[in-house]
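Any value given below was found using the heavy atoms of this structure, including those in side chains, with hydrogens, waters and symmetry copies removed. The shown structure was predicted, so the numbers you read here are calculated from the model rather than taken from an experiment.
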Amino acid sequence: MGKLEQLAKAGNKPQLSRRGFLMTAAGAGLMFGFARKAQAAQTMPSAMPTEAAFEPNIWCAIAPDGSVNVNIVRAEMGQHVGTALARIIADEMEADWNHIKITEVDTGPKFAGKFVTGGSWSVWDTWDTFRQAGAAARTILVEEGAKLLGTTPDKCTARNGIVTAGSKTISYGDIVAQAKPTRSFTPEEMAKLPLKPASERRMIGKEVAALDIPDKTTGKAIYGIDVKLDGMVYGRPKMPPTRYEAKVVSVDDTEAKKIPGYIRYVVLEDPSDIVPGWVVALGKTYPAAMRAADALKVQWTPGPTIKVSEADIIDHARTLGKDAKNGTHVFNDDGVDATFKSAAKVITAEYTCASVAHYQLEPLNAVARHIDGMWEIHAGNQWQSLVLPQLSKALQVPEEQIVMRSYLLGGGFGRRLNGDYSIPAALASKAIGGAPVKLILTRSDDMAFDSIRSPSLQTISVALDSSGKKISAMNYTATAGWPTQVMAPAFLAKGLDGKYDPFALSGADHWYETGPTRVRAISNDLANRTFRPGWLRSVSAGWTPWALESFIDEVAHATGQDPVELRLSMFTATGRNAGEAPNSTNGAHRQAAVVQKLAEKIGWGKTQLPADTALGIATSFGQERGMPTWTAGAAQVHVDRKTGIVTCQKLWLVIDAGTIVDPGGALAQTEGAALWGLSMALFEGTEIVNGTIKATNLNNYTPLRIPDVPDMDIEFVESAEKPMGLGEPGVTVIAPAIGNAIFRAVGVRMRHLPMRPADVLRELNNHTV
């Protein structure tokens, strides 16, 4: 029996202490990515020795050589979040950007509860904290620099990492080396510090070099899938037939034993019930584990959702929506029912969206091991604070005995907010005595295990007043699986008569004046039981504007009004739509402004286009009502009447996201988000068949391809308001803008996403008949 087989069978722990492990890793260099030489160095332990660095707070430290290290708790998955956040501190600190480094920190008491990268929250949520952290560092450095220069702080200025008093200067590094400052500020003290006015910012909103690009271009960047540990074995799961309640009846590994490198299989025992019915094949190499998993013959008792289909979930949503007692009201103004009863006319429409997978570039993976009484989890993750309690429950140990090591993510899009993939790696390691196990899911495994965007149903009705033009009341019901309810119930929002998932409703709680308005969010319990609903880029804001903005266009057409003029007339910015500082200052007026600017940019109503080609517009407020990114979008499409193929020729976006911290990153994120929206509008989606998603790979899951990428024109409104999110708002308006353009081009209204050629052709044929 070989060493790996003995290790796996006996459950021996690696004979390496934590200190010895770190020393070895530091010497090994790239094995763990601890000692990286580029400025984007993400090191473990810290890049700067704590005994020499000055740490005015937990977010930054200044070393005697002038290096400024910024601690980042947000996951880097291609959005350059470290560059954006570091410049907030650097600008307020008056640091030299060439001396800035970033460290993606691991979980630990210092940063407990602060790890989450999603919802377009990173810059918005960090803005105030990091400005205050930079101000704290600058305040202390100026005070200490003044002493060394023999003057007072009021006679000193700080700029580019240097304190100046008259003709005398001293660098931040020299201040730290000579004064050895130890003063620090509490969060409460930092909140009282004066901050620089916008006119004095030198990095925020300006072009600076991204800190993470050098390592990515040279191949030095370390992703979760790159991790290697001594004595590590590889694992691949054999996926059960249903997401929940599957039970293993028997396992036959006769054929697997014929595969060179196969070690054994383990049946996971999971107290957290996150991976019930999982069997993991272990091998000396990943190809061996992969082939062995295919060779295993497993019999299961499936869960009760084995026969559930996508149609069942949508039908169940309709049934739930018909009962007024179901769901939670987000808006429920007095007079809704009375206004509908007296309406001159009522317009109603129903919209559905298909299941959508994340399909991130880097397949799910994690490495787990037990060493020196601690469980180590090595993985790229978007929300360590969420998965730590789940790991604790699965492993049956306190959270204090678990540490998550941070790595770059090869794409997240919300999938790695749910860190469930670390659970089977940890349990597989536990099953073999704590030896390191690297679990990698193949693409088909990944798809079957995905926390998909739930199929959804939205029903919208409006009452028209006696003029037949003005909306006098609205009734809006949105039904879907609720990811927050399933995975993070503490984050459910408070509605008028209960709690609801804001990430299954945001976008429906619009800023239009529609008279007495009722907005109801309903959890589709059948969806929740069938799969694990997930947060997917823009979450509900990726499908609620699809319904709302398509519907507003329908109302405009039915009442003989221009779609732009109708929208502008409803942005009264009164009542709850007035907005409030600092997040939604001026409210709906800012949404009206981006619509107006967009209409002027595209020549709305003035542009002559070829036959079967048209412009469509849509608007929304980004990710959440509490942190609105005012967004207006337009699409120019051509529809082939013979094939139903819709070609998106150009996209325009006008966005008011407040202060733009990182212009390059903002543009890149918005471009990516717009293309994600295009992908979900015309190409991307699957369905639930027999309790799981039908599509398992690129042969039957068809996201946007390079030849389908249109021209894009993106403009950010200049603003000094608080920065809002930009990772997801670009998604929101694309599908409705395309749908509205299709209607203007060929006269058919699409009410299901994605708008595939067969669906368009069917509507065209029905319209002709």
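For Y265 and W278, the gap between ring centers reaches or exceeds 6.0 Å. You'll find the ring centres of W121 and W127 outside the 6.0 Å limit.
Salt bridge E376/R369: present, at least one basic N to carboxylate O contact under 4.0 Å. Contact check on D420 versus R415 returns a salt bridge, with a Lys/Arg side-chain nitrogen under 4.0 Å from an Asp/Glu carboxylate oxygen.
Counting heavy atoms of neighbouring residues, nucleotides and ligands inside a 6.0 Å radius, atom CZ of R291 does not exceed 12 of them.
Heavy atoms only, all atoms of each residue included: I274 and F449 are closest at O-CE1, 4.4 Å. Pairing each heavy atom of F413 with each of Q382, the nearest pair is N-OE1, 3.9 Å. Scanning both residues, A317 and T479, for their nearest heavy atoms gives CB-CG2, 3.7 Å. Contact between T107 and M404 at its shortest, heavy atoms only, is OG1-N, 2.8 Å. When all heavy atoms of D106 and R405 are compared, the pair lying nearest together is OD1-CA, 3.1 Å.
Within the 3.5 Å criterion, the main-chain N or O of I58 finds no donor-acceptor partner in the side chain of K110. Listed for the S451 side chain is no donor-acceptor partner under 3.5 Å among the backbone atoms of G534.
The cationic group of R443 lies under 6.0 Å from the six-membered ring centre of Y359 and within 45° of the ring axis, placing it in a cation-pi geometry.
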